[in-house]
Amino acid sequence: MARDECGHPDLDPNKYDADEAVKIICLGDSAVGKSKLMERFLLDEYRPQQMSTFALTLYKHKATVGNKTVLVDFWDTAGQERFQSMHPSYYHKAHACIMVFDVQRKITYKNLSSWYKELREYRPEIPCCVVANKIDADMKATQRSFNFAKKYVLPFYFVSAADGTNVVKMFRETIKRAVEYKQNPTDFMDEVLQELENFDLDRTVEDSEGDD
Ligand SMILES: Nc1nc2c(ncn2[C@@H]2O[C@H](COP(=O)(O)OP(=O)(O)OP(=O)(O)O)[C@@H](O)[C@H]2O)c(=O)[nH]1
Ligand SMILES: [Mg+2]
């Protein structure tokens, strides 16, 4: 696979006429609705059939944050029945994470701690949010309290991929946080990467100025 200057295969903002590029990953047990949420946001479409994600699906999306055009790479993978580790490359250089559970299946909420633990092993500092999906099927769920998000001070959303409740809001806020993180990383390695990217950009500008 071709690698670009940011080190991501295909995540080169110049190629897509964007000012910035971010990678957002999605975690959670199988069948919690990760793929349906992406479909709802990206295609404004919801097909109710069950089809588990096989390996990896990548979606590209152009967003606007402030006055900047942002290229977003969404990574969607199958959540598996029991918790199993993701391949480290899934986490590699991610700028934000969406963690999903199904309000109708308690086990998927319980398993958030395993997902979160693994996320923090690879990406200790990136923004992460917790998403309670399928509230259309259980409206009472919104009255229950889910303390996981409070415990780790993470934004929390009640959503429905089926009827669209809160989906756009959740994705937009996550994209914004991903961009903020990329521009002001708090993880040492990410700071270095951002410096290198800025350095490359400066050099490109200087090079093109030299051409005149
Ligand atoms: N009622 C309801 N059902 C939903 C909602 N979102 C997803 N589903 C259903 O839940 C099932 C699983 O959805 P997927 O999006 O495929 O789940 P996933 O998390 O991507 O699953 P894996 O790819 O196996 O990890 C499908 O049958 C969907 O129709 C929702 O908001 N409400
Ligand atoms: Mg899926």
Side-chain angles (χ1 to χ4, degrees), residues 9-10 22-61 72-92 94-123 126-146 148-149 152 154-175 178:
D10 245 19
V22 292
K23 168 179 170 179
I24 298 180
I25 58 175
C26 200
L27 296 178
D29 286 8
S30 186
V32 293
K34 299 179 295 298
S35 303
K36 295 288 163 204
L37 283 166
M38 296 217 184
E39 267 174 34
R40 165 61 71 187
F41 177 64
L42 298 168
L43 315 169
D44 197 18
E45 188 178 285
Y46 180 84
R47 281 170 273 134
Q49 331 80 303
Q50 165 88 50
M51 210 175 90
S52 185
T53 309
F54 264 114
L56 178 66
T57 313
L58 294 180
Y59 301 91
K60 278 197 191 302
H61 171 69
V72 187
D73 259 18
F74 285 109
W75 289 48
D76 177 28
T77 191
Q80 280 104 22
E81 283 309 318
R82 275 179 310 115
F83 176 77
Q84 274 175 16
S85 292
M86 288 290 167
H87 192 272
S89 57
Y90 190 68
Y91 296 100
H92 185 63
H95 300 105
C97 173
I98 297 169
M99 265 191 346
V100 187
F101 73 97
D102 175 348
V103 292
Q104 295 185 295
R105 285 185 298 140
K106 207 170 178 178
I107 184 70
T108 66
Y109 174 68
K110 279 194 171 169
N111 286 341
L112 288 181
S113 47
S114 310
W115 289 114
Y116 192 63
K117 186 166 170 277
E118 186 172 278
L119 169 72
R120 288 314 185 205
E121 276 166 25
Y122 292 103
R123 304 299 283 138
I126 62 169
C128 174
C129 67
V130 178
V131 171
N133 189 33
K134 308 196 189 180
I135 58 161
D136 61 285
D138 182 4
M139 282 311 283
K140 286 209 186 97
T142 56
Q143 285 147 33
R144 297 212 298 273
S145 60
F146 296 97
F148 184 87
Y152 293 101
L154 304 171
F156 179 85
Y157 302 89
F158 282 113
V159 307
S160 163
D163 68 17
T165 306
N166 268 339
V167 174
V168 171
K169 179 180 158 70
M170 180 276 286
F171 275 102
R172 286 218 177 120
E173 289 181 6
T174 305
I175 294 169

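Each ligand, and each atom within it, is numbered from 1 in the order the structure gives. Below, all heavy atoms of this structure are taken into account, side chains as well, without hydrogens, waters or symmetry copies.
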For residues Cys26 and Val100, determine if any side-chain heavy atom of one lies less than 4.5 Å from a side-chain heavy atom of the other.
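Yes, side chains in contact.
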Side chains of Thr174 and Cys129, heavy atoms from C-beta outward: is any pair under 4.5 Å?
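Thr174 reaches Cys129 side chain to side chain.
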N or O pair under 3.5 Å between [X] and ligand 1:
X      : answer
Gly33  : yes
Asp76  : no
Ala161 : yes
Ala137 : no

Of the backbone atoms (N, CA, C, O) and the side-chain heavy atoms from C-beta on, which set of Asn133 has a member under 4.0 Å from an atom of ligand 1: side chain, backbone, both, or neither?
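It is the side chain that touches ligand 1; the backbone stays farther off.
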When you look for heavy atoms under 4.0 Å from ligand 1, do you find them on the side chain of Asp136, its backbone, both, or neither?
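The answer is the side chain.
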When you check the gap from the basic side-chain N to the acidic O, do Asp138 and Arg144 get nearer than 4.0 Å?
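Looking at Arg144 together with Asp138, the answer is yes, because their closest N to O distance falls below 4.0 Å.
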Of all the atoms in ligand 1, which lie at a distance below 4.0 Å from a heavy atom belonging to Ser160?
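The atoms of ligand 1 under 4.0 Å from a heavy atom of Ser160 are 31 (O).
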Between [X] and [Y], does the ring centroid distance fall short of 6.0 Å?
X      : Y      : answer
Tyr122 : Tyr90  : no
Phe146 : Phe101 : yes
Phe171 : His61  : no

Working to the nearest 0.5 angstrom, can you tell me the gap between Leu27 CG and Tyr91 OH?
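Here the interatomic distance stands at 4.5 Å.
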Between the candidates Ala31, Ser35, Gly164, Gly28, which shows the shortest non-hydrogen contact distance to atom 21 (O) of ligand 1?
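Heavy atom nearest to atom 21 (O) of ligand 1 belongs to Ala31.
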Can you tell me if an N/O/S atom from Ser30 lies under 2.8 Å from the Mg ion (ligand 2)?
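Under 2.8 Å: Ser30 has no N, O or S contact with the Mg ion (ligand 2).
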Tell me, please: is Ala78 in heavy-atom contact with ligand 1, that is, under 4.0 Å?
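The answer is yes: ligand 1 sits under 4.0 Å from a heavy atom of Ala78.
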